[in-house]
Amino acid sequence: MSSSSHPTVIVIGAGIIGLACALKLQAKLAEREGTRYVHVLLVAREWPGSIPGAPSTHSADYASMWAGAHVRPIPATTPQLQREAAWLKQAAAEFSRQVEAEPWCGVTRTGGVEFLEAPDRGYRSQDAGGFERESGLRGFRKLSPSELPEGVSLGFEYETFCVNSPLYCEHLLRKFLLQGGKTVQRELKSEWEAFTLRENVLFIVNASGTGFGDPKCFPTRGQTVVTNLSDIIKTVTRQNKDGSWSFLIPRFFNGGTIVGGTKEPGDWRTEPDAATRNRLLAAGLTIEPYAHDTPRSNAESPENVKVVSDVVGRRPTREGGMRLEVEERALVQHNRESTTGGVIHAYGAGGRGYEISWGVASEVVAPAGPLLEPNNLEAKL
Ligand SMILES: Cc1cc2nc3c(=O)[nH]c(=O)nc-3n(C[C@H](O)[C@H](O)[C@H](O)COP(=O)(O)OP(=O)(O)OC[C@H]3O[C@@H](n4cnc5c(N)ncnc54)[C@H](O)[C@@H]3O)c2cc1C
Ligand SMILES: *[C@@H]1O[C@H](CO)[C@@H](O)[C@H](O)[C@H]1NC(C)=O
Ligand SMILES: *[C@@H]1O[C@H](CO)[C@@H](O)[C@H](O)[C@H]1NC(C)=O
C-alpha cells in the first residue's frame, strides 16, 4: 500500500485540541486488532515550538502558543458550563496521570487561589464537596475574611495544574510522531480541501481553532506579560467588579511567570498595548504575595521583575461554546467521484482549551469508534 492510499484519519489543527484528539485516536487504533495500518495525519498551518522572547514566533491566531495556562474550574451554573466542567474533570484526571508518568511533559501540580470582588451565586454557594464532585480537584478551602486582600469579598484555594503551554504542545507532538503519526504543513484554503490530501480518507477531525468562517466564531483578545518572576508556586486569579482580571501563572521549566490578562471579545489588535502592560504588572504585584506557600506581607518590588516578552493571543471563541458534532456531507473527490465525507467538528474552545482538552478529545473519539470498526474499514480497502 502506498502512503497516500492508506486508510487515513485527518486531524486539522496542531493546537492543544488537535494534538489531544490525534493522540486519543492513536490510542484507540492501538487497542484494536487489525487497525494498525490506519494512518493518523495531522495537517496545520502552524506548529508548536514557541518560546516567548525567542525570534521565531507564531501568529496571534495560534492560541495554544499564548495560553497561560492554568486549570481553573468555574461553577457549572449554565448548560455550557456544565458541559465544560465534565470535560475539565476528565482533563484534570489525565494531567494527574501525566505529571506522575511523564514529569517532563510541561504540566505541574500547583496550588490555585481565587479572589472575587463580586461573586455570583454559583461562586457564593460553592463548597468543598460540590467543587470536588464537579472538577475532581482536591483541597478546596474557603478563605477566611482575614486572608483576603482589600476589596475582595470571596476567596478560596484548591489543588490544580499549570501548563507550560508551548512546551506541552511540543511534548504531545513528539509523542504523536514517535507513535507513527504523519504530518503535513499546509494552510487549507477551502473547508473540504483536507479530503484531497489522501486517497482514502476515513473521516476528518476539524480542530481548526476558529477555522474557516463560522459566523458564530470570534476572537477574544488576550494580552499578558511573560516576566522573570521565578519563585512563585501558586496560580492566583482575581476577578474585579469592573469585569477586569488579574492573574499570575507560574510557568515551570524555565518559563518565568505569566502576568495577565485581558479578555477583549472581537478586538482584532495584535500589537501589545503599553498602558495595558503597565496596568497588568501593577495589578499582578498586588496578588503576588499570595502566590507563595504562606502569604508574604510585602509585595515583590517592580525593579525585581523583568519583562521577558509581551504576549497577544486570540482565544478561539464561539457563541454557545465549542462546536462538537459529526457532520456528514456529500463531496466530490479529486477523482471526480461523488462520495460522502464525515467531519467531526471540535473547534471554538475559547479561553479553556487546555483545561477541557482531554475531555473534548474523548468525546471526539467516541463517534469515531464505529467508523474504525474493522468491518467498516474493510469496506474502505
Ligand atoms: C492570553 C491567553 C490565555 C489563555 N489562558 C488559558 C488558560 O489559562 N487555560 C486554558 O485552558 N486555556 C487558556 N487559553 C485558551 C487556549 O489557548 C485555547 O482555548 C486553545 O489554545 C485553543 O486550542 P485549539 O487547538 O482549539 O486552537 P489553536 O491553538 O488556535 O490551534 C488551531 C490550529 O489549527 C490550525 N489551522 C487553523 N486554520 C487553518 C487552516 N485554514 N489551514 C490549516 N491549519 C489551520 C492552526 O495553524 C493551528 O495549528 C488562553 C488563551 C490566551 C490567548
Ligand atoms: C472546520 O470548521 C470551520 C469553522 O471553524 C468550518 O467553517 C469548516 O467548514 C470546517 N471544515 C471542515 C473540513 O469541516
Ligand atoms: C529579574 O530581573 C530583575 C531585573 O533585571 C532582577 O533584579 C531579578 O533578580 C530577576 N529575577 C530573577 C529571578 O532572575
Side-chain angles (χ1 to χ4, degrees), residues 10-22 42-48 50 58-72 84 87-88 91 95 112 160-163 165-166 168-169 172-173 183-191 193-194 197 205-213 217 219-232 235 237 245 247 249 251 254 256-264 280 300-308 310-318 322-323 345-357 360-361:
I10 294 182
V11 178
I12 306 175
I16 181 60
I17 300 295
L19 290 163
C21 290
L42 199 52
V43 50
R45 179 175 53 216
E46 295 189 83
W47 294 85
S50 174
H58 290 95
S59 76
D61 286 319
Y62 187 15
S64 295
M65 291 304 108
W66 309 118
H70 50 194
V71 174
R72 210 181 54 78
E84 292 172 359
W87 291 332
L88 182 147
F95 290 148
T160 188
F161 300 93
C162 286
V163 183
S165 38
Y168 186 56
C169 285
L172 298 181
L173 176 59
T183 54
V184 169
Q185 201 249 322
R186 170 90 63 98
E187 166 151 18
L188 299 171
K189 294 289 184 196
S190 130
E191 38 181 39
E193 187 181 345
L197 291 173
V205 176
N206 184 4
S208 57
T210 42
F212 309 67
C217 285
T220 301
R221 181 178 184 274
Q223 183 175 336
T224 63
V225 194
V226 182
T227 69
N228 76 337
L229 267 176
S230 298
D231 67 337
I232 77 165
T235 175
T237 304
W245 294 70
F247 54 80
I249 305 176
R251 179 168 279 183
N254 290 335
T257 292
I258 312 300
V259 181
T262 67
K263 299 189 185 192
E264 301 160 286
L280 293 174
E300 189 67 73
S301 88
E303 305 83 71
N304 286 336
V305 183
K306 191 169 72 185
V307 172
V308 176
D310 290 297
V311 161
V312 176
R314 291 177 177 154
R315 301 174 180 89
T317 320
R318 186 168 179 274
M322 189 148 193
R323 182 171 182 208
H345 295 284
Y347 63 85
R352 310 194 73 186
Y354 282 85
E355 58 193 9
I356 61 176
S357 54
V360 168

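Counting convention: from 1, in listed order, for ligands and their atoms alike. Each residue takes its place number in the sequence, starting with 1.
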Checklist line | Backbone or side-chain N or O of Tyr62 under 3.5 Å from ligand 1 N or O | finding: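 Checking ligand 1 against Tyr62, no N or O pair falls under 3.5 Å apart.
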Note to self: Are any of the N/O atoms on Gly353, whether in the backbone or the side chain, positioned under 3.5 angstrom from an N/O atom of ligand 1?
What the structure shows: yes
Margin query: Taking distance alone, with N or O pairs closer than 3.5 Å, would you say Asn228 contacts ligand 3?
Written below: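 N/O-N/O distance below 3.5 Å exists for this pair.
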Check: With distance as the sole test, does Ser64 use its side chain to make a donor-acceptor pair with the main-chain N or O of Ile16 at under 3.5 Å?
Finding: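 Yes, the answer is positive, given that a donor and an acceptor are paired below the 3.5 Å cut-off.
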Notebook entry, point to check: If you measure from atom 53 (C) of ligand 1 to every heavy atom of Gly313, Ser357, Ala346, which option wins on shortest distance?
Noted result: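 Nearest option to atom 53 (C) of ligand 1, by heavy atoms: Gly313.
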Next item on the list: Decide whether an N or O pair under 3.5 Å exists between Ala67 and ligand 1.
Entry: no
Item checked: Under-4.0 Å heavy-atom contact with ligand 1, by part of Asp61 that carries it ->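 Backbone only; the side chain of Asp61 stays clear of ligand 1.
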Check: Phe247 vs His70 aromatic rings, parallel, tilted or perpendicular, using cut-offs 30° and 60°?
Finding: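 Tilted, since the angle between the ring planes falls between 30° and 60°.
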Notebook entry, point to check: Are any of the N or O atoms of Val43 closer than 3.5 Å to those of ligand 1?
Noted result: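 No - when backbone and side-chain N and O of Val43 are compared with those of ligand 1, no distance drops under 3.5 Å.
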Note to self: Suppose I only count heavy atoms of Glu303 and a 4.0 Å limit; which atoms of ligand 3 are within that range?
What the structure shows: 3 (C), 4 (C), 7 (O)
Notebook entry, point to check: Quick one: does ligand 1 sit under 4.0 Å from the side chain of Arg186, the backbone, both or neither, non-hydrogen atoms only?
Noted result: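 Just the backbone.
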Note to self: As a check for students: among Ala20, Gly209, Gly260, Cys169, identify the option with a heavy atom nearest to atom 27 (O) of ligand 1.
What the structure shows: Gly209
Notebook entry, point to check: Of all the atoms in ligand 1, which lie at a distance below 4.0 Å from a heavy atom belonging to Ile16?
Noted result: 20 (C), 21 (O), 23 (O), 25 (O)
Check: Do Arg72 and Glu355 sit within salt-bridge range, that is, some charged N less than 4.0 Å from a carboxylate O?
Finding: no
Item checked: Per-atom contacts of ligand 1 with Tyr354, taking only distances under 4.0 Å to non-hydrogen atoms ->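 This gives 10 (C), 11 (O), 12 (N) as the contact atoms.
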Notebook entry, point to check: Could an N or O of ligand 1 be found under 3.5 Å from any N or O of Ala44, whether backbone or side chain?
Noted result: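 N/O-N/O distance under 3.5 Å: no.
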Notebook entry, point to check: Can you say whether the rings of Phe95 and Tyr168 are parallel (under 30°), tilted (30 to 60°) or perpendicular (over 60°)?
Noted result: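 Because their plane-to-plane angle is over 60°, the rings of Phe95 and Tyr168 count as perpendicular.
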Next item on the list: Going by heavy-atom distance to atom 39 (C) of ligand 1, choose the closest among Arg45, Glu193, Met322.
Entry: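 Considering heavy atoms of Arg45, Glu193, Met322, the nearest to atom 39 (C) of ligand 1 sits in Arg45.
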Check: Considering distance alone, does some N or O of Glu187 sit under 3.5 Å from an N or O of ligand 1?
Finding: no
Item checked: Contact check, side chains of Leu42 and Val184, non-hydrogen atoms, under 4.5 Å -> no
Check: Hey, does Trp66 sit under 4.0 Å from ligand 1 if you only count heavy atoms?
Finding: yes
Item checked: Test item: side-chain donor near acceptor, Ser59 and Arg45, under 3.5 Å ->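 There is no such pair (donor and acceptor under 3.5 Å, judged by atom type) between the side chains of Ser59 and Arg45.
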Notebook entry, point to check: Heavy atom under 4.0 Å from ligand 1: found in Arg352's side chain, backbone, both, or neither?
Noted result: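 Under 4.0 Å from ligand 1, Arg352 contributes backbone atoms alone.
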Check: Does the N or O separation between Glu46 and ligand 1 drop below 3.5 Å for any pair?
Finding: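 Among all N and O atoms of Glu46, at least one is under 3.5 Å from an N or O of ligand 1.
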Notebook entry, point to check: Which option, Ala60, Pro316, Ser64, Ala349, owns the non-hydrogen atom nearest atom 29 (O) of ligand 1?
Noted result: Ser64
Notebook entry, point to check: What do you reckon, does Gly222 have a nitrogen or oxygen under 3.5 Å from a nitrogen or oxygen of ligand 1?
Noted result: no
Checklist line | Ile258 touching ligand 1 at heavy-atom level, < 4.0 angstrom | finding: no
Check: Side chains of Thr220 and Thr317: donor-acceptor distance under 3.5 Å anywhere?
Finding: yes
Notebook entry, point to check: If we only count N/O pairs under 3.5 Å, is Ile12 in contact with ligand 1?
Noted result: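 The answer is no, given that Ile12 and ligand 1 share no N or O pair closer than 3.5 Å.
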Notebook entry, point to check: Step by step, would you call Val43 with Thr183 a side-chain contact (heavy atoms from CB on, under 4.5 Å)?
Noted result: CA-CA 6 Å; Val43 50; Thr183 54; over 6 Å; no
Notebook entry, point to check: Short list, please: which atoms of ligand 1 are under 4.0 Å from a heavy atom of Ala14?
Noted result: 33 (C), 48 (C), 49 (O)
Check: For ligand 1, which part of Ser165 has a heavy atom less than 4.0 Å away: the side chain, the backbone, both, or neither?
Finding: neither
Check: Hey, which atoms in ligand 1 end up nearer than 4.0 Å to a heavy atom of Ala69?
Finding: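 Listed by number with element: 7 (C), 8 (O), 9 (N).
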Next item on the list: Report yes if some N/O of Gly350 lies less than 3.5 Å from some N/O of ligand 1; otherwise report no.
Entry: yes
